Amino acid sequence: MTLPELAVFDELLTYVRETSLLQTSADLLEWDERTGMPVQGGEYRARQVTLLRGMVHERRTSATLGQWLAQLQDAFAADESTSPRRSAIARMREDFERDCRLPRTLVESLATATVRGQQAWERARHEDDFSLFRAELTEILRLKREAALCLAKEGESLYDALLGEYEPGARVAELAPVFASLRQHLVELIGRIGVVPKHQAPKIECLRREYPVETQRSFSRLVAEAVGFDFRRGRLDETTHPFCTSLGPDDCRILTRYQSHWFPSGLFGTLHEAGHGIYEQGLPRAWYGCPPGTYASLGIHESQSRLWENLVGRSLGFWKYFFPLLEQSFPQSLGNVGCEQFHAAVNAVQPTLIRVEADEATYNLHILVRLEIEQELLSGELLVEDLPAAWNARYREVLGIEPSSDAAGVLQDVHWSAGLIGYFPTYTLGNIYAAQLFQAAERELGALEEMFSEGEFAPLLQWLRTHIHRHGRSYDAAELIARACGERPNSEPLVASLNARYGRIYSL
Ligand code: ZN
C-alpha cells in the first residue's frame, strides 16, 4: 500500500467506525424497547429508530464510501495475502454493493413496520390472538418481498436473497439435502426414544419444583461467568424473548427469562445467550465495527450459543461440577435428587410446542417447520390469514402435537415481527457447526467432559478463540468450519453426538 492509499484506508476506517457508533445507538434504543420501555413509548421510539437506521443506511451507501472502496480494491488487486486489511476491503465492498440495492425509503419503511410489528406481536401474544398481528405481518411480508426483489442476484431465489443476509453464501437448494438427512435421523431417534418404557425415561418433575427467581438470577450469573462471559464488558438482564446484542467493544448485553416452576428456562437461556456474548467478546477488539471485528455469520453465532448451552451445559461433566452448587442454592427443591438424575432430566426428550425450550432431538424439527412456512409466505403460496391453521397442521404432522393457542403456536417467536425472514435456518446450521467444532476441539484437547467436571472451561474457550473468534468475518461460514474442523459443514457429528448422548440416557 502506498502512503496516499494508507491515508484513504484510515479515512475509510474512521468513517466506518462512525457508522458503527450510529448503528449501535439504534441497537441500544432497541435493547431498551425490549427490556424497559413503557408501553406507550412505542410510537416515538419507532421514529427514533427509523431516523437512525435511515442515517446508517445513507452512510453505508454514500458515493464517497463507494469511491474509497473502489480505490482501495484496486490497490489490493495484485495482493494475494490474506491480511485483515485486504479482507476488510473485500467484505466492505460486498456490503456496500448489497446496501446500495436497497432504497432508503424501503429501509425506513421496514424500520417503522418492524417496530410496530413487534409491538403488535407482543400484544397479540399477550392476548393470545393472532388477528391483532395480522395487518402488521402482512405489511412486513410485503416489504421483505420488495427487499428480496432488490437484493436477489441473477438466478437467485427471493428466499435465498434474504437468507444471504444472515448466512452469506448459503443456498436453500444446498441446505435441503443436509437438512433432509438430519430430519430423517432425528425422526428415527425420536421414534426409538418414544418406545422406551416410561420407568426407564428421565423424570422431569424435579425441574418443575419451586426455584425462586432471585436465586436463579445469582446462579445463572455464576455459571455465565464460570464459562467465560466477562461481566466487566457485558451484562445480563431479563426479557420476554431472550437475545444478545453488542452495543460496543466492551458492552455486550445478554438477556434471559426465568420461570419459578421451570428451571431450564432461565439457566439454559443464560448459557445460550452467554455463548453468543462470549463470541462477541472474543472478536478482534481493534477491528470493532469493521468486518474483521464482526461475527462470520448468524449460523456461526448460533454455533457458539448452542455449543455452550447443549454440548457443555447439558453434559454430565458440567453437572458433576455444578450440581453440588445447585443443591446448595436450592436445597428445598433438590434434597432428594441426585446429579445423574438431574442430568438425565435436563436431557429428557419430549415433543413440545415451544422452540426455545425444545430438547436437542426435536429442536431442529421446529426449525424445519418454520423454514417451510416462511418460504411459502414469501412466495405468496400461503396467505397470512391462513397462517395459524397452517402452523398447527404442520406441527401435528412433524411433531405429532398441536398448539391449543396462538401464543403457544404461531405467535411464540419474535422473528417475523422483527422482519427476520430467512433467519431460522441459521439455527439448524448453528447446531450442525457446534457439533463439528466440539468434535474437532475434543480431538485436539482430549476428553472435554473430564475438564468440565473439574470446572475447567478455559481450554475449550481458548480453542474457540483461536479457531473461530479471532477470524471475525474473514471467511464465509463454510470455509471457517472447514479450516477449524478439517471438513465441510455436514450433519454427521450432530447425529453421532445425539445418538451417543441419548443412547446413554435412554439405554437405547
Ligand atoms: Zn441464539
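All values reported here derive from a predicted model rather than from experimental measurement. Every number for a ligand or one of its atoms is a count from 1 in the order of the listing.
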Minimum side-chain heavy-atom gap Asp406-Trp391 below 4.5 Å: no
Check: Arg314 and Glu309 side chains under 4.5 Å, non-hydrogen atoms: yes
Taking all non-hydrogen atoms of both residues into account, name the closest pair between Val312 and Phe318 and its distance. O-CB, 3.0 Å
Holding to ring pair (Phe, Tyr, Trp, His ring centres under 6.0 Å), I want the full list of residues that pass it with Phe229, two or more places apart in sequence or in another chain. Phe231
Which protein N, O or S atoms lie under 2.8 Å from the Zn ion (ligand 1), given by chain and residue number? His272 NE2, His276 NE2, Glu302 OE1
Measure from NZ or CZ of Arg355 to the centre of the six-membered ring of Phe424 and say whether it is under 6.0 Å with the direction within 45° of the ring axis. no
Just by distance, no angles: are the side chains of Trp416 and Glu374 close enough, under 3.5 Å, to form a donor-acceptor pair? yes
